[in-house]
Protein chains: 2
Amino acid sequence: MYELIRSIKTAVIMSKTPIPKPTESELEILQVLWQHGPSTVRFTNDQLSQKREVGYTTTLKLLQLMLDKGLVLREDDSKTHVYRAAVREEETQGLLLDRFVDATFGGSAGKLVMQALGNHPTSADELAQIRSLLNQIEQQRNNTSNAKGQTDEPA
Amino acid sequence: MYELIRSIKTAVIMSKTPIPKPTESELEILQVLWQHGPSTVRFTNDQLSQKREVGYTTTLKLLQLMLDKGLVLREDDSKTHVYRAAVREEETQGLLLDRFVDATFGGSAGKLVMQALGNHPTSADELAQIRSLLNQIEQQRNNTSNAKGQTDEPA
DNA sequence: AAACATATACGAAGCACGTCGTAGATGCAA
DNA sequence: TTGCATCTACGACGTGCTTCGTATATGTTT
């Protein structure tokens, strides 16, 4: 019965919100769901509790709010509900990255990259990956030097 | 008289807080101070108002709170106070970057860099700079394979 | 069926942040 | 010196986020 009301409310209210921005706590939960797939409240809470102390009902409430926001989906066949992420990992990270670059680095992604590489230990493997991406970008830029516009499409 | 009380309170309470984390609004103000140097409330507010509507007393209050937190310093010789940043730009950005990498990319700076380069238009100049930094890091990594300390000084 | 363990729903409190109104202080112009 | 413009100080409100307590529902075990 509870569920029915909630479902209706959710369906009506949330119809067309573009992309909700998760808070930090919500992000923590999304990390769990991305990493482990669909999870129960209990499991999610256990995962979170490994890093810091969190009450069970806190995690539950968060997941319910995230359901309202459309950040997660839910399957409630049995007594125990199962939640799964409704937003993709990279897409969400990209959204947050945009905001962060604007707010903190005045929109300059280059500055951010410099800082990130300078201050954080990065594996040789990742460095190689970055270098490869760099090549790809510059090559693409040369190819389209007099084409109509340079897209910043990565692939 | 107001100032005296505030000064004492500030001096006593704030004695040794390590590094306060600025909020988004505080960051906006810091951007202005970093870019234009010491500024009055009026000037700061004018700058902020170019991007979005902000009340004068809002900016004032923010600056006062930032003073309490130790994010800015103040010279009040004349009637009109002059504020200047008490934290350095790169240091602050680094602090925020740390938190962001942890919260959003699970601590992987490499992932963040890949996303940033992939999704944001970056000038050829910046790309070259990044490539140079990349070289520097890898070279350094080879040299210090058994030496004691590698500095991560960029310049 | 009754008792128990475990799940969900929801109200409410505490806090931080951003915003503004208003009172009081200060300097300048007439 | 009296007004007027401009500044600072500060209280208070609205909102969003996080947390938790408690009531209610549901499934399981005896």
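In the text below, chain A, chain B and the rest are named by the order of the sequence lines, each starting its count at 1. Just so it is clear, the structure is predicted and the values come from calculations on it, not from any experiment.
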>> Is a donor from one side chain sitting under 3.5 angstrom from an acceptor on the other, for A:Asn119 and A:Gln115?
In response: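 Looking only at side-chain atoms, A:Gln115 and A:Asn119 do form a donor-acceptor pair, the distance falling under 3.5 Å.
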> Is it true that the side chains of B:Ser108 and A:Glu126 contain a donor and an acceptor less than 3.5 Å apart?
Replying inline: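 Result is yes, a qualifying pair exists.
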How close or far is atom [atom2] of [N] from atom [atom1] of [X], stated in whole angstroms?
X: B:Leu60; N: D:dG11; atom1: CG; atom2: C1'; answer: 13 Å
X: B:Glu24; N: D:dT15; atom1: CD; atom2: C1'; answer: 15 Å
X: A:His81; N: D:dT26; atom1: NE2; atom2: C1'; answer: 10 Å
X: B:Arg74; N: D:dC7; atom1: CZ; atom2: P; answer: 15 Å
X: B:Asp76; N: C:dA25; atom1: CG; atom2: C1'; answer: 14 Å
X: B:Leu63; N: D:dC10; atom1: CG; atom2: C1'; answer: 15 Å
X: B:Asp68; N: C:dA16; atom1: CG; atom2: C1'; answer: 15 Å
X: B:Asp77; N: C:dG27; atom1: CG; atom2: C1'; answer: 15 Å

>> Tell me whether the count of non-hydrogen atoms from other residues, nucleotides or ligands lying under 6.0 Å of CD in A:Glu89 goes above 12.
In response: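 It does: A:Glu89 CD has more than 12 such atoms within range.
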>> Does B:Glu24 have more than 12 heavy atoms from other residues, nucleotides or ligands lying within 6.0 Å of its CD?
In response: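 No, not enclosed.
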Are [X] and [Y] in one and the same hydrophobic cluster, where Ile, Leu, Val, Met, Phe, Trp and Tyr link if side-chain heavy atoms are under 4.5 Å apart?
X: A:Leu133; Y: A:Leu117; value: yes
X: B:Phe43; Y: B:Leu73; value: no
X: B:Val82; Y: B:Met66; value: no

>> Quick check: any donor-acceptor pair below 3.5 Å linking the side-chain of A:Lys61 to the base of D:dG21?
In response: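 There is none.
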>> Using a 4.0 Å heavy-atom cut-off, does B:Thr23 contact any base of the nucleic acid, only the sugar-phosphate backbone, or nothing at all?
In response: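 Sugar-phosphate: the residue B:Thr23, judged by heavy atoms under 4.0 Å, touches backbone atoms but no base.
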Are the side chain of [X] and the backbone of [Y] linked by a donor-acceptor contact shorter than 3.5 Å?
X: A:Ser132; Y: A:Ala128; value: no
X: A:Thr122; Y: A:His120; value: yes
X: A:Glu75; Y: A:Tyr83; value: no

>> Near DNA chain C, counting only heavy atoms under 4.0 Å, which residues of residues 49-57 of chain B show up?
In response: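 Per residue number, the list reads B:Arg52, B:Gly55, B:Thr57.
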>> For DNA chain C, which residues of residues 25-32 of chain B approach it to below 4.0 angstrom with any heavy atom?
In response: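 Those residues are B:Ser25.
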>> Going by side-chain contact (heavy atoms from CB on, under 4.5 Å), A:Ile29 matches just one of A:Val54, A:Asn45, A:Thr44, A:Leu71. Which one?
In response: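 Testing A:Ile29 for a side-chain contact (heavy atoms from CB on, under 4.5 Å) against A:Val54, A:Asn45, A:Thr44, A:Leu71 leaves exactly one candidate, A:Thr44.
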> Which nucleotide in the list C:dG18, D:dC17, C:dT8 gets nearest to the side chain of A:Gln64?
Replying inline: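 Minimum distance to the A:Gln64 side chain belongs to C:dT8.
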>> Quick check for you: among D:dC17, C:dG18, C:dA9, whose closest atom lies nearest to any side-chain atom of B:Leu62?
In response: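 Nearest nucleotide to the side chain: C:dG18.
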Listing time: all N or O pairs from protein to nucleotides 1-6 of chain C that are below 3.5 Å?
residue: C:dT6; atom: O2; partner: A:Lys79; partner atom: NZ; Å: 3.2

> Salt-bridged, A:Glu28 to A:Arg52, with N to O below 4.0 Å?
Replying inline: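 Yes.
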